[in-house]
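Position 1 is the first residue of the sequence, and the numbers go up from there.
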Amino acid sequence: LDGSGSLGSTGWKISVEAAQMLVKSLKGGSGDNNGAMVAVELFSGPRTWPAYRKCAGSDLSVVPDMKADCGIKWVSHFTNKTEELAEKVGKLDWPMGGTLTGTALAEAESELMYGRQDANTIVVVITDGRPYSYRRTTEQAVRLQKRLNTRLVWIPVGRYIPLEMVERWTSLPKEDNLVAVKRMSDLTKPETMNKIVSNLCPLVE
């Protein structure tokens, strides 16, 4: 979930509402391994150039603090308690940083190691902004696309994100994995959310 400053306060509220709706639409379970397992990552970006260099991996001897330096944090690791997770999402503070999309994708790939290995995996990116690095975003998107039983789904919102690049970052077939939303106000409309949810997986209501 993108939390960059370009969203504006209204856009942030709408993005959070959309994320809540998406999480709630997935069928969790009462047991440890029942139902859909969902993790949510909130990403923005560093506020200074020294922090950006840390997060970009310019100096491999320096390990950045993902939250303090890079503006990336896990709202929750994998859980099937989707109602509780939706509540957590609704209480998020707006980080208002940049858009460190490539690093966020790398963190998502690392998180997948803790998911169920026998399950199909879907990584969903809701974003409105241009990433700091197109190169790193492309590299990480390709890694996820090549991962076994993994789909990379993009929900670009607004007119500032370059759709021609997003298409390259999206898993095939693109008609199932790319839902472009022209206006932020359209993101939470029933027709938009229905399209997103119906594209994801059979574990939806």
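When side chains are defined from C-beta on, L172 does not count as touching N177, because their heavy atoms never get closer than 4.5 Å. Looking only at side-chain heavy atoms (C-beta outward), I155 and L187 come within less than 4.5 Å of each other. Contact check for V157 versus S15: no side-chain heavy atoms found under the 4.5 Å cut-off. Two residues are said to be in side-chain contact when any heavy atoms from C-beta on lie closer than 4.5 Å; L105 and L152 meet this criterion. Side-chain contact between M66 and T103: present, with at least one pair of heavy atoms (C-beta onward) separated by less than 4.5 Å. Residues I196 and M193 have side chains in contact (heavy-atom distance under 4.5 Å, counting atoms from C-beta outward).
The backbone N or O of L148 sits less than 3.5 Å from a side-chain atom of T150, completing a donor-acceptor pair. Put simply, the side chain of E107 never gets that close to the backbone of K73: no donor and acceptor are under 3.5 Å apart. The closest donor-acceptor contact from the side chain of S110 to the backbone of A106 lies under 3.5 Å. Under a 3.5 Å cut-off, the side chain of Q20 and the backbone N or O of E87 do not form any donor-acceptor pair. For K174 (side chain) and E167 (main-chain N/O), a donor-acceptor pair under 3.5 Å exists by modelled atom type.
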TODO: Given side chain to side chain contact (heavy atoms under 4.5 Å, CB included), test E191 with D186 step by step and report yes or no.
DONE: CA-CA 9 Å; E191 57 268 32; D186 292 335; over 6 Å; no

Task: Intermediate values then yes/no, salt bridge (Lys or Arg N to Asp or Glu O under 4.0 Å), E109 and R147 - done: CA-CA 9 Å; E109 183 184 15; R147 192 177 184 276; 5.5 Å; no

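Atoms CG and OG, from D176 and S198 in turn, are 9.0 Å apart once rounded to the nearest 0.5 Å. Note that the OG atom of S44 and the CD1 atom of I72 stand 7.5 Å from one another [nearest 0.5 Å]. Separating the CD atom in Q140 from the CD atom in Q145 is a distance of 11.5 Å, to the nearest 0.5 Å. For the atom pair K54 NZ and S61 OG, the distance stands at 10.5 Å (nearest 0.5 Å). Once rounded to the nearest 0.5 Å, the distance linking CD of E17 with CD1 of I14 reads 7.5 Å. For the atom pair L22 CG and L85 CG, the distance stands at 10.0 Å (nearest 0.5 Å).
A search for side chain to side chain contact (heavy atoms under 4.5 Å, CB included) contacts involving E139 returns R135, not counting sequence neighbours.
In plain terms, the two heavy atoms of W74 and A39 that are nearest each other are CZ3-CB, 3.9 Å. When all heavy atoms of A180 and L163 are compared, the closest pair comes out as CB-CD2, 4.0 Å. Residues T137 and T101 come closest through the heavy atom pair OG1-CB, 3.9 Å. Across W12 and P95, no two heavy atoms sit closer than the pair CH2-CD, 4.2 Å. L178 approaches V166 most closely through the heavy-atom pair CD1-CG1, 3.6 Å. The shortest non-hydrogen separation linking L200 to R151 is O-NH1, 2.6 Å.
One hydrophobic cluster, built from ILVMFWY side chains closer than 4.5 Å, holds both L92 and M184.
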Could you pull out every donor-acceptor pair under 3.5 Å between side chains of residues 119-134 and any protein atom, sequence neighbours left out?
| unit_1 | atom_1 | unit_2 | atom_2 | d |
| --- | --- | --- | --- | --- |
| T127 | OG1 | D2 | OD2 | 2.7 |
| T127 | OG1 | G129 | N | 3.4 |
| D128 | OD1 | S4 | OG | 3.4 |
| D128 | OD1 | S6 | OG | 3.0 |
| D128 | OD2 | S6 | OG | 3.2 |
| R130 | NE | Y160 | O | 3.2 |
| R130 | NH1 | Y134 | OH | 3.2 |
| Y132 | OH | P46 | O | 3.1 |
| S133 | OG | R136 | N | 3.0 |

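Under the 30°/60° scheme for interplanar angles, the aromatic rings of W154 and W169 are found to be tilted.
Atom NZ of K182 is surrounded by 12 or fewer heavy atoms from other residues, nucleotides or ligands within 6.0 Å.
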